[in-house]
Amino acid sequence: KSYRVAILGATGAVGTELLELLDSRNFPVAELKLLASSRSAGTQLRFKEEKIAVEAVNEQSFDQVDLVLASAGATTSKQWAAQAVEAGAVVIDNSSAFRMDAQVPLIVPEVNPEAAASHQGIIANPNCTTILMAVAVWPLYQVQPIRRIVVSTYQSASGAGARAMDELKAQARAILQGETPQTEIFPYPLAFNLFPHNSPLNESGYCQEEMKMVNETRKIFGVEDLRISATCVRVPVLRAHSEAINLEFDEPFSVAKALEVLSQAPGVELREDWQANYFPMPIDATGRDPVLVGRIRQDISHPCGLELWLSGDQVRKGAALNAVQIAELLVAKNLLGRSSLVASH
Ligand code: A2P
Ligand code: 11C
């Protein structure tokens, strides 16, 4: 069986990667529609041997479509998702629009694939930093409950989209030529600099990105009161995010045990060479599927604490790959298409 698929936001950083992954993972595509704004209507993109013209999304875009992979921002998702579901499609949405909606499963396939069965047309793909942390922390959590997570992120430009990646490159070029870097997407120069994530702040002083890590992780793990504190920072890296994670278990958790668990964990690749002081780096995670984890050590400040470090491709596992894995899950469980929707509730 194959499916009629639409990518909403096909010209973006994640959209482009979705196109590549549908091809390289041999997703059963019967027909592919590429949707974006009117700005890029007519742009030709390649899928396998075919060139497909991008269409401006409109009322008829979702007719006869089985699966929509949406990555065009929350506003666009809110505008079109209901219509796509109405037309009979399942929407896997990469934006923040529906993630905390109780009707909408929020899925990291390595953690909570079973949540897919209850979908009512929309499935949400978590925030990139949340996905990467969940892949690394869940296998440990399953062995022993975690009381508290303290995480600091080092987030690449790609998290803010394709134009933000271009902006970082242009800023670096400008600075090297002795010119003043221009800012358009980012509020401050990112090249040769970094700044706390610029999403809106709440009354307790946490920004939206930090609260996504808290609330989304709780929902994915199914642990409502899991204690998490996050500090999210944008760094001048092109497309892989890194995270320093401190875990406090309810009992001591040895480094040896963590290594044993993580060496077998799906989606995780251990990267540690203590002699060479070599650990996960964004350049090694870029373009790769697994979350690279390393630098696992006992927390010297707490007997039940463990420190770890990870890098993961933000565009891939942090977004497009996770979405395609969800789609593969739907295919495997026959949860895609109008008939499945009727059958699933
Ligand atoms: P477009 O190229 O026409 O602007 P990124 O996250 O890399 O910035 O990409 C965002 C994606 O979302 C792009 O494909 C962009 O298309 C698309 N997009 C942005 N706004 C809209 C909109 N109002 N309607 C449809 N697609 C949109
Ligand atoms: C970033 N993760 O790196 C953010 C942006 O909720 O999908 C993605 C926002 C989201 O800036």
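As the structure is a prediction and not an experimental result, all values here were calculated from the model. In each ligand, atom 1 is the first atom listed, and ligand 1 is the first ligand listed. In what follows, every heavy atom counts, from backbone to side chain, and hydrogens, waters and symmetry copies are set aside.
The option from Ala70, Ala72, Ala36, Ser38 that lies nearest to atom 25 (C) of ligand 1, judged by heavy atoms, is Ala36. The heavy atom nearest to atom 11 (O) of ligand 2, out of those in Arg234, Gln155, Glu209, His241, is found in Arg234.
Close contacts of ligand 2 with Cys128, meaning ligand atoms under 4.0 Å from a residue heavy atom, involve 2 (N), 3 (O). The Ala162 neighbourhood of ligand 1 comprises atoms 5 (P), 7 (O), 8 (O), with distances under 4.0 Å to a heavy atom of that residue. The ligand atoms of ligand 2 that sit less than 4.0 angstrom from a heavy atom of Ser96 are 6 (O). When each atom of ligand 2 is checked for a heavy atom of Asn94 under 4.0 Å away, the hits are 7 (O). Of all atoms in ligand 1, numbered sequentially from 1 with element shown, those under 4.0 Å from a heavy atom of Arg39 are 3 (O), 4 (O), 19 (C), 20 (N). Under a 4.0 Å criterion applied to the non-hydrogen atoms of Gly161, ligand 1 contributes the atoms 5 (P), 6 (O), 7 (O), 8 (O).
Asn94 contributes no side-chain N or O that, together with a main-chain N or O of Leu69, makes up a donor-acceptor pair within less than 3.5 Å. Remark: side-chain polar atoms of Thr76 are paired, donor with acceptor, to backbone N or O of Ala72 under 3.5 angstrom.
The shortest N or O to N or O distance between Arg163 and ligand 1 is not under 3.5 Å. Below 3.5 Å of separation, one finds an N or O of His197 facing an N or O of ligand 2. Geometrically, ligand 1 and Ala160 share no nitrogen or oxygen pair separated by less than 3.5 Å. Considering both main-chain and side-chain atoms, Val14 never comes within under 3.5 Å of ligand 1 through any nitrogen or oxygen pair.
Both the backbone and the side chain of Thr11 come within contact range of ligand 1, each with a heavy atom under 4.0 Å. Of the heavy atoms in Ser71, only backbone atoms (N, CA, C, O) come closer than 4.0 Å to ligand 1.
The closest approach between Thr129 and ligand 2 stays at or above 4.0 Å for every heavy atom of the residue. Heavy atoms of Ala10 approach ligand 1 to within less than 4.0 angstrom. In this structure, Gln314 does not count as a contact residue of ligand 2, since none of its heavy atoms falls inside 4.0 Å of the ligand. Residue-ligand proximity: Gln208 is placed with every non-hydrogen atom at 4.0 Å or more from ligand 2. Residue contacts with ligand 2: Ser95 is excluded, as none of its non-hydrogen atoms falls under 4.0 Å.
The shortest side-chain heavy-atom distance between Leu306 and Gln298 falls under the 4.5 Å cut-off. The side-chain heavy atoms of Glu110 and Val291, taken from C-beta on, include no pair separated by under 4.5 Å. With contacts defined as side-chain heavy-atom distances shorter than 4.5 Å, the pair Met211/Gln208 does not qualify. Using a 4.5 Å heavy-atom cutoff, the side chains of Ser156 and Leu238 are not in contact.
Between the side chains of Tyr154 and Ser311, no donor N or O sits under 3.5 Å from an acceptor N or O.
The protein non-hydrogen atom at the shortest distance from atom 10 (C) of ligand 2 is Lys212 NZ, 3.2 Å. In this structure, the protein non-hydrogen atom closest to atom 5 (C) of ligand 2 is Gly159 O, 3.1 Å. Atom 7 (O) of ligand 2 has as its closest protein heavy atom Arg99 NH2, 2.8 Å. Closest to atom 2 (N) of ligand 2, if we only count protein heavy atoms, is Asn127 OD1, 2.6 Å.
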Quick one: do Glu209 and Gln155 satisfy side-chain hydrogen bond (donor to acceptor under 3.5 Å, both in side chains)? Show the steps, please.
CA-CA 11 Å; Glu209 183 79 358; Gln155 298 183 222; 2.8 Å; yes
